[in-house]
Amino acid sequence: MDPNWTIDANMLSDGVVWLDTSAKILRTNQTFCDWLQTTPRALEGKELFELLSPVERQQARWRWNHEVIEEQRSISFQARLHESPSAALYEWRLAHQGDRLLLLIRDVSDAFEELMERKMALRRLYEETPIMLHSIDAQGKLVSVSDMWLEKLGYTREEVLGRSSTEFLTPESRVYAKEVGLPLFMKHGTCKDLPYQFVAKDGQTIDVLLSATSEKDRHGNITRSFAVLLDITEYRRTNKKLDRANALMSAFFEAVPDATVITNTDLEIVRTNRATHEHFGYDAEELTGQPLRLLDPEQHSLAEDPELLREQDRHATRLYRHKDGREFPGDTVIAPILAADGEHLGYLDIIRDVTEHTEMMETIEAQQNELTEYNQELLEKNEELTRFAFVASHDLQEPLRKIRVFTELLIDEFDDDMSSDQREYTNYILDGTSRMQALISDLLHYSRVQDEGHDFETFSTSEMIAFALEVLSQRPDELNLPEQELLVHGHKGLCSQLLVNLLQNAVKYGPIESPSRVDIRIDVDDEHIRWEISDNGIGIDIKHQQKIFELFQRLHTARDYPGTGIGLAICKKIVDIHDGDIGVDSSPGEGSTFWFTLPQATRRDGGGAL
């Protein structure tokens with residue numbers, strides 16, 4: 001991960017997650033990890049839907065497959081985190097970024113709680129308002145009524161809820177409802193001032209004007225209706241209550257956190273809310289009556305073709321102009337305002353300042369491009385180094401072989417005439433060439449590890465152990481193997497070589513005056529298998545425990561312990577290829593425990609329980 005990206009993303013109070021097209025997490029910022037009390041590494045590779053609560057998981061997966069993947073759309077939804085210790089509610093905004101997807105998550109718990117409080121307040125207002133109100137479900141049953149409705153008709157809620165609304169009509173009104181009122185309402189989803197006669201519990205007839213609206217599902221089917229019944233004899237009182245309702249809607253309008261502008265059909269500003277004044281720097285008096293182009297220099301295309309928004313809302317990102325002349329990007333949703341009878345009254349324009357979001361996306365894109373170029377350069381350099389290592393090792397082996405062969409010929413021909421010093425010198429030559437050949441061979445092996453580490457497969461831990469024991473040149477006096485068997489997903493040859501190198505180390509650096517013992521243990525660590533190879537050897541000082549995994553780092557002379565100082569570097573490179581970790585816990589004279597992690601095979605990889 002690019003460190004600059006991490007710094008920028010971690011400065012955000014919102015969660016940021018990169019996904020691939022299978023909804024697997026590629027990386028996250030710290031804010032998102034803090035919500036889950038975990039680490040970026042622990043989240044990498046997880047499916048996004050695993051983090052959602054079970055109730056919301058199925059719907060989110062459906063929208064991903066159909067809207068994001070099939071239709072290539074950006075979506076937003078609200079959901080809770082299944083593994084989060086809190087019950088916070090989050091707003092999720094998902095957008096395409098090339099072959100990846102960017103997910104922005106914002107904690108909206110406070111807003112949700114405020115919404116629920118407002119909903120309860122509205123419920124109380126609904127029930128307690130001195131107007132006759134009722135709501136009917138798709139089956140025509142009463143689901144809620146106002147206190148005034150009950151007072152006017154003389155019933156309790158227990159007596160009316162769940163009953164058909166037509167039971168309370170006169171026979172004539174039932175016929176009218178069936179032949180006129182209901183067909184009209186089903187056609188338009190609304191009705192206004194329809195005359196009905198209700199019968200109270202005491203038999204009294206009440207004349208009302210009924211106006212109703214509907215709630216519809218995403219398929220356009222009416223799921224619920226809300227009706228206002230005006231007692232004609234109390235018209236003035238009802239009119240006052242409607243004024244109160246308008247005041248409530250005005251309060252909602254002012255409370256909207258985004259800039260909200262209402263215009264007439266000529267795109268002249270009629271009303272703005274508090275957020276508009278804060279975002280654009282104008283007072284309400286300065287904006288009223290002005291053309292919308294004062295805020296929107298590009299001007300909506302509505303003036304040329306106002307029919308564009310008659311049928312549906314429009315969403316776009318465009319440049320807006322502040323009072324001081326500076327321009328800023330804004331996400332806007334503009335919708336027509338229609339009267340109940342379909343009359344076009346004007347437009348509602350909701351604008352959200354996305355300056356920070358736009359700058360962040362541009363920065364991320366630039367950094368992503370830089371990272372891609374840098375990775376390509378590294379790939380080319382690695383390929384060049386691999387070719388160089390192969391050629392260099394081949395060219396160096398030939399003169400070494402000649403030196404060794406001719407030295408051995410000298411010994412064979414002049415052995416009887418050689419002095420002790422001459423024999424010692426020739427042995428130095430043979431020993432030096434042997435160590436140089438081993439060093440070149442190990443270097444070549446090290447350079448080839450990266451090229452070999454791409455063909456992953458599923459195999460068992462017992463297969464790794466069996467291979468290692470088969471090629472191990474010298475075994476410890478006592479070897480304890482794990483009883484548990486797990487499945488590994490990786491490069492079988494490299495993983496087996498990793499185990500061989502560590503076992504050879506355990507034997508090489510075993511105890512000097514007592515039998516050697518090696519214990520192999522395996523266990524599951526999150527989505528990885530953790531291996532531990534423990535010995536009772538000479539141990540390693542803590543100050544050397546990091547550098548031993550670097551190239552040519554030796555803690556002993558070749559005379560005491562032969563080797564090239566490359567074996568553990570090869571181990572680390574193999575582990576890195578598998579996105580694992582490697583380390584050692586040791587103290588001088590108390591043995592060592594080398595540990596490493598490899599990916600555990602999943603069912604997708606062809607794995608499962610053994």
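W595 places none of its side-chain heavy atoms less than 4.5 Å from the side chain of V584. Annotation: side chain of I25 is not in contact with side chain of W18 (no heavy-atom distance under 4.5 Å). Taking 4.5 Å as the limit, some side-chain heavy atom of R73 sits within range of a side-chain heavy atom of E67. Counting heavy atoms from C-beta on, the side chains of K24 and E47 come closer than 4.5 Å. Side-chain contact between L499 and F467 is absent, with no heavy-atom pair separated by less than 4.5 Å. Using a 4.5 Å heavy-atom cutoff, the side chains of M361 and Q97 are in contact. Between I533 and V518, the closest side-chain pair of non-hydrogen atoms falls below 4.5 Å.
To the nearest 0.5 Å, the span separating CG on L494 from CE on M464 amounts to 10.5 Å. Note that CG of D107 and CH2 of W35 are 6.0 Å apart. Values are rounded to the nearest 0.5 Å. Considering CZ of R475 and CG of L503, their distance stands at 10.0 Å, rounded to 0.5 Å. Between the NZ atom in K573 and the CD1 atom in I582 there is a gap of 14.0 Å [rounded to 0.5 Å]. Taken from CG in D477 to OG in S516, the straight-line distance is 3.5 Å, to the nearest 0.5 Å. To the nearest 0.5 Å, atoms CZ (R106) and CG (L89) are separated by 13.0 Å.
Under the ring pair (Phe, Tyr, Trp, His ring centres under 6.0 Å) criterion, W92 pairs with F77, sequence neighbours left out. Here F596 pairs with W531 under the ring pair (Phe, Tyr, Trp, His ring centres under 6.0 Å) rule; sequence neighbours left out.
By the 4.0 Å N-to-carboxylate-O rule, D137 lies too far from R224 to be salt-bridged with it. A salt bridge links R530 with E532: at least one charged nitrogen is closer than 4.0 Å to a carboxylate oxygen.
Within a 6.0 Å radius of OH in Y374, other residues, nucleotides and ligands contribute 12 heavy atoms or fewer.
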- CA sep, side-chain torsions, deciding dist, call: F456, H491, ring pair (Phe, Tyr, Trp, His ring centres under 6.0 Å): CA-CA 5 Å; F456 282 19; H491 190 287; 7.3 Å; no

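Of the possible polar contacts, none joining the N501 side chain to the C571 backbone as a donor-acceptor pair under 3.5 Å is found.
Taking every heavy atom of both residues into account, A275 and P257 meet most closely at CB-O, 3.4 Å. In this structure, I529 and L487 approach most closely via the heavy-atom pair CD1-O, 3.3 Å.
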